[in-house]
Protein chains: 2
Amino acid sequence: MVAGPTSAGPGKDRLRLWIRLLRASRTIEAELRERLKKEFDTTLPRFDVMAALYRSPEGMLMSDLSRFLLVSNGNVTGIVDRLVSEGLVTRARRNGDRRTSMVRLTEEGSRSFAAIAAAHESWVGELLGNVSEDEARRLAGMLKSFRSNWEGRE
Amino acid sequence: MVAGPTSAGPGKDRLRLWIRLLRASRTIEAELRERLKKEFDTTLPRFDVMAALYRSPEGMLMSDLSRFLLVSNGNVTGIVDRLVSEGLVTRARRNGDRRTSMVRLTEEGSRSFAAIAAAHESWVGELLGNVSEDEARRLAGMLKSFRSNWEGRE
DNA sequence: CTATGAAACTTTAAGCTTGAAATAATTTCC
DNA sequence: GGAAATTATTTCAAGCTTAAAGTTTCATAG
């Protein structure tokens with residue numbers, strides 16, 4: 001998925017775009033993952049879950065998390081399990097529906113996330129430093145329209 | 001890694017760009033993965049390795065593959081193991097240096113890859129259909145310059 | 001009520017991924 | 001030549017990831 005086109009012809013530009021998109025995101029992702037590990041002894045998936053919860057102080061259902069993060073249900077189960085065992089997150093039983101539980105950041109989780117998020121944002125600024133703010137806005141605009149054309153398709 | 005910025009301020013545009021980039025590539029990647037599984041009973045990592053080998057008929061070392069695909073050494077070992085056991089790839093011992101072996105596509109691997117690659121390219125064309133060819137070229141250009149500013153940094 | 005189906009979640013098996021440790025072969029340097 | 005460092009690869013443990021199957025709970029229609 002990271003190799004170049006294997007032949008010339010129509011559709012080539014989109015394929016090339018896809019490959020560059022993928023290489024760029026893999027490169028950045030690898031760097032962020034490494035720093036999260038080294039500086040905060042955590043992982044990208046844990047960070048993702050905490051970021052989602054940080055935006056929803058009232059909590060999120062497992063299925064909310066899975067939908068929002070674009071990963072499978074079973075996946076979220078494991079990550080939340082680990083965050084719970086680390087004391088960063090809680091699963092609160094609900095009165096209404098006993099199948100579900102509200103997942104929330106703990107005090108410690110919230111404090112911990114705030115620190116990591118600050119570093120994370122500055123890392124992204126650094127890693128994308130070669131992209132001007134203006135270019136960043138334009139690129140983001142293109143990617144937004146692309147995404148909205150896609151989400152919830154089938 | 002898929003959530004939005006948690007506050008407003010400078011560096012916001014780059015963070016937003018990064019999040020959109022990541023969401024876009026995850027969405028496309030998930031769709032391609034699913035189709036590869038359903039239509040060809042294979043996976044993205046296997047496809048990646050085969051794509052790299054297809055471009056190098058003379059073969060590649062394990063470390064070449066790992067460097068090119070931006071994944072760890074140990075990772076490639078497992079994927080190549082599976083491809084070998086499926087008869088799609090061979091490890092040829094070398095006379096010169098007995099630590100290394102040349103990894104090559106087999107006849108079958110090559111035939112198999114060509115078919116998958118054709119479908120893959122048309123899928124990407126479809127999935128990026130909302131991006132005009134012109135826009136694709138511009139976006140790819142920006143991503144290229146970004147990448148080259150980055151590769152082999154440290 | 002109560003069965004039937006749907007919904008929310010967990011479990012499982014297989015595979016991907018990493019970083020670190022272990023192996024083996026080669027190169028370098030006295 | 002032989003010790004020491006380097007290089008190429010594999011192995012390992014832990015964690016991430018998915019799809020599919022299983023469990024529990026809820027909703028609904030008789």
Side-chain angles (χ1 to χ4, degrees), chain A residues 1-2 22 25-27 29-50 59-86 89 91-103, chain B residues 1-2 22 25-27 29-50 59-86 89 91-103:
Chain A
M1 201 50 99
V2 142
L22 193 52
S25 64
R26 283 197 187 173
T27 304
E29 212 172 331
E31 183 66 25
L32 291 176
R33 188 179 344 102
E34 195 178 326
R35 294 189 187 191
L36 282 174
K37 178 71 178 174
K38 281 216 161 58
E39 310 280 331
F40 296 101
D41 191 32
T42 189
T43 67
L44 224 35
R46 281 168 169 86
F47 179 80
D48 284 350
V49 168
M50 293 178 79
M60 290 177 85
L61 300 180
M62 295 299 283
S63 41
D64 294 337
L65 279 168
S66 139
R67 199 169 20 255
F68 182 68
L69 299 174
L70 308 175
V71 299
S72 68
N73 263 344
N75 188 349
V76 177
T77 297
I79 296 166
V80 168
D81 282 353
R82 274 166 230 120
L83 287 173
V84 167
S85 78
E86 289 167 17
V89 145
R91 273 190 178 95
R93 274 232 145 329
R94 294 205 305 164
N95 293 345
D97 187 334
R98 271 176 306 182
R99 290 170 303 182
T100 64
S101 51
M102 271 301 191
V103 184
Chain B
M1 202 47 100
V2 142
L22 193 51
S25 65
R26 282 198 189 171
T27 304
E29 212 172 330
E31 183 67 24
L32 292 175
R33 188 179 344 103
E34 194 178 326
R35 294 189 187 189
L36 281 174
K37 178 70 177 174
K38 281 217 161 58
E39 309 280 331
F40 296 102
D41 191 33
T42 189
T43 67
L44 224 38
R46 281 168 167 88
F47 179 80
D48 284 351
V49 167
M50 293 178 79
M60 290 177 85
L61 301 180
M62 295 299 283
S63 40
D64 294 337
L65 279 169
S66 140
R67 197 168 20 256
F68 182 67
L69 299 175
L70 307 176
V71 298
S72 68
N73 265 342
N75 188 348
V76 178
T77 298
I79 296 166
V80 168
D81 282 353
R82 274 166 229 120
L83 288 172
V84 167
S85 79
E86 290 167 17
V89 145
R91 273 188 178 94
R93 275 234 144 329
R94 294 207 305 167
N95 292 346
D97 186 334
R98 271 176 305 181
R99 290 171 303 182
T100 64
S101 52
M102 270 304 191
V103 183

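All values below were derived from every heavy atom in this structure, side-chain atoms included, with hydrogens, water molecules and symmetry-related copies excluded. Labels below follow one simple rule: chain letters A, B, ... track the order of the sequence lines, proteins then strands, and each chain is numbered from 1.
The salt bridge (Lys or Arg N to Asp or Glu O under 4.0 Å) analysis of residues 60-73 of chain A, with sequence neighbours excluded, yields the pairs A/D64-A/R67.
Rounded to an integer number of Å, the gap from A/M62 CE to D/dT24 P is 17 Å. To the nearest angstrom, P of D/dT9 lies 11 Å from CE of B/M60. One can place CG of A/N73 at 15 Å from C1' of D/dT24, the figure rounded to the nearest angstrom. Rounding to whole angstrom units, CG of residue B/N75 and C1' of D/dT11 are separated by 14 Å.
Salt bridge absent: A/R33 and A/E29 never bring a charged side-chain N and a carboxylate O closer than 4.0 Å.
With sequence neighbours left out, A/E34 forms a salt bridge (charged side-chain N to carboxylate O under 4.0 Å, His left out) with A/K38. Looking at residues two or more places apart in sequence or on another chain, you find a salt bridge (charged side-chain N to carboxylate O under 4.0 Å, His left out) between B/R91 and B/D81. Residues meeting the salt bridge (charged side-chain N to carboxylate O under 4.0 Å, His left out) test with A/R98, sequence neighbours left out: none.
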Please list, one pair per line, the donor and acceptor atoms closer than 3.5 Å that link side chains of residues 70-79 of chain B to other protein atoms, with sequence neighbours excluded.
residue	atom	partner	partner atom	Å
B/S72	OG	B/N75	N	3.4
B/N73	OD1	B/S66	OG	3.2
B/T77	OG1	B/N73	O	3.4

Polar pairs (N or O, both sides) under 3.5 Å between protein and nucleotides 5-7 of chain D?
residue	atom	partner	partner atom	Å
D/dT7	O2	B/R99	NH1	2.5

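Checking A/R46 against B/K37, the closest nucleotide of DNA chain D that is more toward the 5' end is the one next to A/R46.
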